[in-house]
Amino acid sequence: MESTRRTFLGTLLAACLAGAGLLLRAGAAAAKKVAIDLSKLSSLKDVGGSAVVSIKKKKILFIRTSEDRIAALNPECTHQKCAVQYKKKWGEIRCSCHGSKFTTSGKVLSGPAEKDLKSYPTTIEDGKLIVKI
Ligand code: FES
């Protein structure tokens with residue numbers, strides 16, 4: 001009887017671990033690298049420049065924050081999902097719906113939004129912007 005219970009619990013544990021492994025693999029597989037030729041996005045050439053690009057049915061707000069860094073953000077406000085805007089002269093991201101403000105890296109500067117904008121990892125390699133989405 002004890003042996004049967006141990007076998008059952010062992011099988012249950014193995015099934016849970018296998019399920020967790022599948023979820024981890026699915027999550028890792030979901031984030032894919034996308035390469036964008038920077039020569040085709042002239043608005044990202046200079047620091048402070050920006051562009052909104054649709055990738056895999058998602059809009060991504062790119063902002064060149066320094067010579068070697070381009071931020072990639074979900075331009076959906078974390079308060080009530082309005083589209084945020086960025087202008088170089090502002091030096092920040094703003095939501096016109098209720099006035100939230102974010103840094104060019106997506107951190108909340110002022111609410112009502114309490115959560116940072118979702119950001120995606122980026123690198124610049126050989127004239128290409130690599131973003132993991
Ligand atoms: Fe952006 Fe409310 S939806 S501040």
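First listed ligand is number 1; within each ligand, the first listed atom is number 1. Values below: every heavy atom of this structure, side chains too, minus hydrogens, waters and symmetry copies.
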Taking atom CG of Asp126 as the centre, does the number of heavy atoms from other residues, nucleotides or ligands within less than 6.0 Å exceed 12?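 Not more than 12 within 6.0 Å, no.
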
Kindly state each residue pair satisfying side chain to side chain donor-acceptor pair (under 3.5 Å) with at least one member in residues 96-110, sequence neighbours excluded.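 Residue pairs with at least one partner in residues 96-110: His79-His98.
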
Rounded to the nearest 0.5 Å, how far apart are OH of Tyr120 and CG of Asn74?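 One finds 4.5 Å between OH of Tyr120 and CG of Asn74.
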
Could you tell me whether the SG atom of Cys97 lies less than 2.5 angstrom from the SG atom of Cys82?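 Cystine link detected, SG atoms below the 2.5 Å cut.
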
If you draw a sphere of radius 2.8 Å around atom 2 (Fe) of ligand 1, how many protein N/O/S atoms end up strictly inside it?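 Considering protein N, O and S only, atom 2 (Fe) of ligand 1 has 2 within range.
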
Report yes if the side chains of Tyr86 and Leu73 come closer than 4.5 Å at any heavy-atom pair, otherwise no.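 No, their side chains stay 4.5 Å or more apart.
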
Using a 4.5 Å cut-off on heavy atoms from C-beta on, say whether the side chain of Val53 contacts that of Leu41.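 The answer is yes, as the side chains (C-beta and beyond) meet within the 4.5 Å cut-off.
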
